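Written below as structure tokens is the structure these notes are about.
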Amino acid sequence: MDDSKMVGGKVKKPGKRGRKPAKIDLKAKLERSRQSARECRARKKLRYQYLEELVSSKERAICALREELEMYKQWCTAMDQGKIPSEIKALLTGDDQKTPQSTSTKTPKNGKYSSTGISQNKSA
């Protein structure tokens with residue numbers, strides 16, 4: 001008995017399934033591989049640059065927070081000794097123009113404030 005089968009008028013031989021490997025030019029395959037490697041290295045370089053910038057910005061933020069913490073520690077030490085730092089006095093009196101860490105409200109574009117928090121334009 002023959003191992004081949006008759007399907008739709010064609011003789012099918014048993015063996016490998018799927019697509020047969022195409023005859024690929026070896027030079028073209030090597031060039032595609034090289035190009036892919038170049039692109040991979042470029043992506044890796046960009047990823048490392050991004051991560052280095054991210055680390056740098058986080059380190060700067062940490063330094064700024066440490067300085068702020070040190071300032072607050074000094075304020076607490078001064079208050080424990082019965083002294084009120086001038087920055088805290090300014091915050092309590094509403095004179096926050098000289099403090100570097102002020103949390104004042106921003107001036108509206110027209111430069112006017114209202115009691116409702118919405119600037120009112122009298123010329124309209």
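Keep in mind the model is a prediction, meaning the values are calculated, not measured.
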Quick one: [atom1] on [X] to [atom2] on [Y], what's the gap to the nearest 0.5 Å?
| X | Y | atom1 | atom2 | value |
| --- | --- | --- | --- | --- |
| L65 | K58 | CG | NZ | 10.5 Å |
| L46 | L51 | CG | CG | 11.0 Å |
| R32 | D25 | CZ | CG | 9.0 Å |
| E59 | L54 | CD | CG | 10.5 Å |
| K83 | K89 | NZ | NZ | 11.0 Å |

Tell me which donor-acceptor pairs under 3.5 Å the side chains of residues 33-43 have, and how far apart each pair is, sequence neighbours excluded?
residue, atom, partner, partner atom, Å
Q35, OE1, R38, NE, 3.4
Q35, OE1, R38, NH2, 2.9
Q35, NE2, E39, OE2, 3.2
R38, NH2, E31, OE2, 3.1

Do the side chains of Y72 and L92 join up, straight or via other hydrophobic residues, at under 4.5 Å, putting them in one cluster?
->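 Both belong to a single hydrophobic cluster.
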How about E52 and Y48: does a side-chain donor come under 3.5 Å of a side-chain acceptor?
->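 Result is no, nothing qualifies.
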